Each structure stands twice: as C-alpha cells, then as structure tokens.
Student: 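Got a structure for you, written out below as structure tokens; questions coming shortly.
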Amino acid sequence: MKSSDSTSPIGTVIASGADSTYVNTIPTAQATTGNGSVSLELGFPPECAISVAAGGKRPEMKDVNGVWKLLSSAIQSLQAYRGVYNADFSTAIGGYPNYAVVSDSSGALWVSTADSNTTVPGATDADWKLFFDGY
C-alpha cells in the first residue's frame with residue numbers, strides 16, 4: 001500500500017444529521033427473537049434472508065442507518081487519533097482529541113496536548129508537541 005492509497009478521513013458520521021426516528025441504536029443482542037432487527041451478535045438475522053411471502057422480515061432502513069452510524073463513528077474516532085494532520089478534518093470533528101498523534105508534510109510526528117485542538121502542529125503557540133521531544 002502507498003500513502004497515496006489512503007482515503008480522506010470521515011469528517012461527517014453517516015446518518016449523523018438524520019432524524020432519530022430513522023436511525024436505530026444497534027444493541028448487542030436481538031431484543032425480540034425473530035423480529036428481523038439487527039444486533040451486533042447476529043448482524044442481519046436469518047429471518048431477513050427469508051422472503052416476506054414465506055414469513056421472513058425485510059431489513060429496516062433505520063437498522064441500516066444505525067449500523068453505518070456505529071461503524072463510521074468508530075472509524076472517525078480511530079482516524080482522529082492517528083493520521084496525517086488535516087485542517088478540514090480537524091474543523092469537521094471540532095478539533096483533534098488530547099493525545100492524538102499526527103504527522104505533518106515532512107513526516108514529523110506531533111502529539112496533541114489538548115482536547116478539541118484546532119491548532120496547526122508546529123505553529124506558534126499550537127497545542128502540539130513533537131512526539132520524540134525530550135528523547
């Protein structure tokens with residue numbers, strides 16, 4: 001893999017702007033066995049693979065939105081803690097978290113020293129320090 005193969009970080013979580021009636025929170029276990037709802041343990045359950053005419057259940061849009069929201073939120077969190085510094089991403093997520101590690105265009109590694117950090121690594125009075133500072 002090349003660094004140029006990397007995709008842009010996820011600045012907006014999928015379904016984050018959707019009305020809550022269109023997004024389910026995905027539980028660990030299916031609350032009601034056989035009702036067709038998604039869970040972390042089953043994913044889409046077996047009844048979603050059976051035709052509706054034969055008694056199966058259709059997958060629900062709000063379950064799909066919930067799965068995408070859950071996964072894209074997790075990916076965004078991971079991207080916020082390690083990657084190449086990206087000003088647009090920083091703005092979209094409200095700033096990098098404390099202890100996030102980013103690299104700059106020269107490859108130097110910087111550690112965020114504040115939550116909601118929208119400063120630029122290496123800039124005067126920025127809330128970043130060089131990763132290997134003091135070693």
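A quick note: this is a predicted structure, and the numbers were derived from the prediction, not measured.
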Student: Atom CG in Leu70, atom CD1 in Ile26: separation rounded to 0.5 Å?
Tutor: 7.0 Å
Student: Could you pull out all donor-acceptor pairs under 3.5 Å where a side-chain atom in residues 114-123 meets a protein atom, sequence neighbours excluded?
Tutor:
| residue | atom | partner | partner atom | Å |
| --- | --- | --- | --- | --- |
| Asp115 | OD1 | Asn98 | N | 2.8 |
| Asn117 | OD1 | Thr119 | N | 3.0 |
| Asn117 | OD1 | Thr119 | OG1 | 2.5 |
| Asn117 | ND2 | Ser112 | OG | 3.0 |
| Asn117 | ND2 | Asp127 | O | 2.6 |
| Thr119 | OG1 | Asp127 | N | 3.0 |
| Thr119 | OG1 | Trp128 | NE1 | 3.3 |

Student: By the side chain to side chain donor-acceptor pair (under 3.5 Å) test, which pairs, at least two apart or in different chains, include something from residues 60-80?
Tutor: Asn24-Asp63
Student: Determine whether Leu130 and Val84 fall in the same hydrophobic cluster, where Ile, Leu, Val, Met, Phe, Trp and Tyr are linked whenever their side-chain heavy atoms lie under 4.5 Å apart.
Tutor: no
Student: Under 3.5 Å, which donor-acceptor pairs do the side chains of residues 14-21 form with other protein atoms, sequence neighbours left out?
Tutor:
| residue | atom | partner | partner atom | Å |
| --- | --- | --- | --- | --- |
| Ser16 | OG | Val13 | O | 2.8 |
| Asp19 | OD1 | Thr21 | N | 2.9 |
| Asp19 | OD1 | Thr21 | OG1 | 2.6 |

Student: With sequence neighbours left out, which residue pairs that include part of residues 80-89 fulfil the side chain to side chain donor-acceptor pair (under 3.5 Å) condition?
Tutor: none
Student: Quick check: is Phe132 connected to Trp110 through a chain of hydrophobic side chains (ILVMFWY, heavy atoms under 4.5 Å apart)?
Tutor: no
Student: Within this structure, what is the CE-OH distance for the pair Met61 and Tyr22, rounded to the nearest 0.5 Å?
Tutor: 6.0 Å
Student: Search all heavy atoms of Pro97 against all heavy atoms of Ala80 and return the closest pair with its distance.
Tutor: CD-O, 3.6 Å
Student: To check you understand the geometry: which heavy-atom pair defines the closest contact between Gly11 and Ala92, and what is its length?
Tutor: O-CB, 3.5 Å
Student: Find the distance between OG (Ser8) and CZ (Phe89) and round it off to the nearest 0.5 Å.
Tutor: 10.5 Å
Student: Does Ile93 share a hydrophobic cluster with Val102, counting links as ILVMFWY side-chain heavy atoms below 4.5 Å and allowing steps through other members?
Tutor: yes
Student: Kindly write out the residues that satisfy side chain to side chain contact (heavy atoms under 4.5 Å, CB included) with Ala49, not counting sequence neighbours, or none if the list is empty.
Tutor: none
Student: From Leu78 CG over to Ile10 CD1, what is the distance, rounded to the nearest 0.5 angstrom?
Tutor: 10.0 Å
Student: What side-chain donor-acceptor pairs closer than 3.5 Å can you find for residues 31-41, not counting sequence neighbours?
Tutor:
| residue | atom | partner | partner atom | Å |
| --- | --- | --- | --- | --- |
| Asn35 | OD1 | Gln30 | NE2 | 3.2 |
| Asn35 | OD1 | Ser37 | N | 3.0 |
| Asn35 | OD1 | Ser37 | OG | 2.8 |
| Ser39 | OG | Leu42 | N | 3.0 |

